[in-house]
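Some notes on the structure that comes next.
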There are 2 protein chains.
Amino acid sequence: MSAIDPVRPEAGSPKRQLILDAAAILFTAHGYGAVSMDAIARSAGVSKATLYAHFGSKDQLFATIITEACHAMFDWPGAMSADGADLRTALIALGQRVLRFFLEDGTLALYRVVVAESARFPELGRAFYESGPATGRRLLGAWLAEQAGAGRLRVPDPPLAAEQFVALLRAGLYFRATLGVPPAPTQAEIDTTVAAAVDIFLAAYAHPRAG
Amino acid sequence: MSAIDPVRPEAGSPKRQLILDAAAILFTAHGYGAVSMDAIARSAGVSKATLYAHFGSKDQLFATIITEACHAMFDWPGAMSADGADLRTALIALGQRVLRFFLEDGTLALYRVVVAESARFPELGRAFYESGPATGRRLLGAWLAEQAGAGRLRVPDPPLAAEQFVALLRAGLYFRATLGVPPAPTQAEIDTTVAAAVDIFLAAYAHPRAG
DNA sequence: GTCTATAGAAGGATAGAC
DNA sequence: GTCTATCCTTCTATAGAC
């Protein structure tokens, strides 16, 4: 498997991992243009020549790092587990996890970099979209279809409903957080946003026969 | 008025306007880091020294341009006019205008630049947030409150409902467009998204007594 | 105010020794 | 593979003439 994957360094080179770690931190924190190869080499504790021996160019290193980060960042199965309790409680818990994940520093930082550079590195946009929104829509859509099958929801288009639920979670706080406009979101605001999203979602999609 | 505003060049210098126009196009198209002062000077047809005579530094020029663009880009009063017809028709027309505006090349390009540089230029994030999301929420919230006053809606929190309506418009297409992931949104997709947003919005907020 | 020319610094990438 | 030292380009910003 590792013989095919062009990214994995045969898991053998320790310096390579140092470079990957340092570059990931710097690139996500400051963006492509603001990070020099000198800074990465310094931060990783290696020479620039070593850096170029592992990755042919700054573009290549950047694309490798960010693409990998997009695949690694999202943990949808964890966020999508919502069983047991009644539907509203399950949706609240699920919305809390998803929205809090959206608002994490690391998530926002990666999103900013990908948005900024998606024009010059189209593969970044694709990797983020597939790992994030597309996968989330699939998993949440499947869960909603399941609930519909159990008679708790009436959802004609599960993927669309999934998109709408997640979009409602982004109402209010998300732009402020993405643009770095103070004040930082509070837990109370998160609670309010999630509750409002669940309310409107259930008003539209709750099965009439269920509560 | 123009004596107070630090941005306006007393409307006197023709070269200054050339610089502003050229810089606006280049910065929004390629971002801060990828645009050099040489390129701006060349594109504006002036020398670099002239450029520095009008704007003290690249940072200053960039912040001026982008802040101005944020204020100028949004034309909410136009987008928010929705009178006459019945509520659903009005919301559909309003949603169409807003979503199409979101998906315009210029809007997306400006958003990408602001997201990318909001960490290093906090005033950009603030300017965009105030001119865009905050103003839109105020205007649409007022319109919704008006509709509620006329008995066509039941909206306990108009600004929140406004945020939710706009968030629903961003479901589906918006990430794809922001990240530049093909295929480009079609008019049919826009129609579907807007209709779905209006449906769920009215299911939650339509007054029971109105149709 | 506007130009030409250039200073001075920083960045990406490589040569050559080990 | 890894280092040191360096090349070459590009960039921001300025000096000085007009």
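Note that this is a predicted model, so its numbers are computed, not measured. Numbered from 1 within each chain, the chains take letters A, B, ... in sequence-line order.
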Take the protein atom [atom1] of [X] and the nucleotide atom [atom2] of [N], then report the distance between them rounded to whole Å.
X: A/Leu18; N: D/dG1; atom1: CG; atom2: P; answer: 14 Å
X: A/Ile19; N: D/dG1; atom1: CD1; atom2: P; answer: 11 Å
X: A/Leu51; N: C/dA13; atom1: CG; atom2: P; answer: 10 Å
X: B/Lys58; N: D/dT14; atom1: NZ; atom2: C1'; answer: 17 Å
X: B/Phe55; N: D/dT14; atom1: CZ; atom2: P; answer: 16 Å
X: B/Leu61; N: D/dC11; atom1: CG; atom2: P; answer: 15 Å
X: A/Gln60; N: C/dG12; atom1: CD; atom2: C1'; answer: 14 Å

Base, sugar-phosphate, or nothing for A/Lys48, non-hydrogen atoms under 4.0 angstrom? base
Do [Y] and [X] have ring centroids that are under 6.0 Å from one another?
X: A/Phe101; Y: A/Phe74; answer: yes
X: B/Phe27; Y: B/Phe62; answer: yes
X: A/Phe121; Y: A/Tyr32; answer: yes

Nearest 0.5 Å, please: how far is CG in A/Leu51 from CD1 in A/Ile19? 4.5 Å
Between NE2 on residue B/His30 and CZ on residue B/Arg112, distance to nearest 0.5 Å: 12.0 Å
Is there a side-chain polar atom (N or O) of B/Thr50 under 4.0 Å from OP1 or OP2 of C/dC3? yes
Look at B/Tyr52 and D/dA13 and indicate whether a side-chain polar atom (N or O) is within less than 4.0 Å of OP1 or OP2. yes
Side chain of A/Ala49 - closest among C/dT14, D/dT2, C/dC3: C/dT14
With the threshold set at under 4.0 Å for non-hydrogen atoms, list the residues of residues 27-44 of chain B touching DNA chain C in residue-number order. none
B/Glu163 (side chain) donor-acceptor with A/Gly172 (main chain) under 3.5 angstrom: yes
When you compare the side chains of B/Gln96 and B/Gln187, does any donor N or O come within less than 3.5 Å of an acceptor on the partner? yes
The answer to which of A/Val46 and B/Gly56 contacts DNA chain D further toward the 5' end, by nearest nucleotide, is A/Val46
